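A short write-up of the structure that comes next.
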Amino acid sequence: MSKSTPKPAARAATPASAAPTLDDAAQAPAVAAAPEPISAHRAQHQRDVSNRLRRIEGQVRALVQMIEDGRPCEDIAQQMAAARKALDKAFYRMMACSMMEAAASADAGNELERSTRILEKYA
């Protein structure tokens, strides 16, 4: 969602001049479109998800400190579960934005199917 979000390793390692695969061809639009302007709705979702991820980052730093301080395993496990749940909530919030954009798109059927595949793959 954020411009600083890293690309998956498989995509990042692929040179731009490489021939597209069948999977890429199936997902790519027929005509290269200019990037869409970010809607106010999407911008709000991006801020929300970014803020959630920053809080999770703080939780993970605190977990490392707890381990280094020798805190009991049960305390650490409880905080790990909280961080994991917070990450899940951030993921679902991001996917809600994706689904809402898909529903509003001109090609809603295909876009909703794409978002559904993402949910099935990563949820």
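Owing to the predicted nature of the structure, the values given are computational and were not obtained by experimental measurement.
Residue pairs that meet the salt bridge (Lys or Arg N to Asp or Glu O under 4.0 Å) test with at least one member in residues 96-109, sequence neighbours left out, are Arg42-Glu101.
The line from SG of Cys73 to CD1 of Ile67 is 8.5 Å long, rounded to the nearest 0.5 Å. Note: Asp75 CG to Leu63 CG = 11.0 Å, rounded to the nearest 0.5 Å. Atom-to-atom distance recorded for Gln44:CD and Cys97:SG is 9.5 Å, nearest 0.5 angstrom. One finds the CZ atom of Arg71 at 9.5 Å from the CD atom of Gln78 (value rounded to the nearest 0.5 Å). Distance check, rounded to the nearest 0.5 Å: OG1 of Thr116 to CD of Glu111 gives 11.0 Å. In this structure, CD1 on Ile118 lies 4.5 Å from CE on Met95, to the nearest 0.5 angstrom.
Annotation: side chain of His45 is not in contact with side chain of Met94 (no heavy-atom distance under 4.5 Å). Proximity of Gln65 to Asp69: side-chain heavy atoms (C-beta onward) are separated by under 4.5 Å at one or more points. Using a 4.5 Å heavy-atom cutoff, the side chains of Glu113 and Arg117 are in contact. Taking 4.5 Å as the limit, some side-chain heavy atom of Leu119 sits within range of a side-chain heavy atom of Phe91.
Looking at residues two or more places apart in sequence or on another chain, you find a side-chain contact (heavy atoms from CB on, under 4.5 Å) between Lys85 and Lys89. Applying the side-chain contact (heavy atoms from CB on, under 4.5 Å) test to Arg55 and every residue at least two apart in sequence or in another chain returns Asn51, Arg52.
Cluster membership for Val49 and Tyr92, using ILVMFWY side-chain heavy atoms within less than 4.5 angstrom, is shared. Leu53 and Tyr122 fall within a single hydrophobic cluster, where Ile, Leu, Val, Met, Phe, Trp and Tyr are joined by side-chain heavy atoms under 4.5 Å apart, directly or via other members.
Partner Ile76 forms a side chain to side chain contact (heavy atoms under 4.5 Å, CB included) with one of Gln79, Met80, Glu74 and no other, that one being Met80.
Contact between Leu112 and Ala103 at its shortest, heavy atoms only, is CD2-N, 4.0 Å.
Proximity of a side-chain donor or acceptor of Ser105 to a complementary backbone N or O of Ala102 within less than 3.5 Å is detected.
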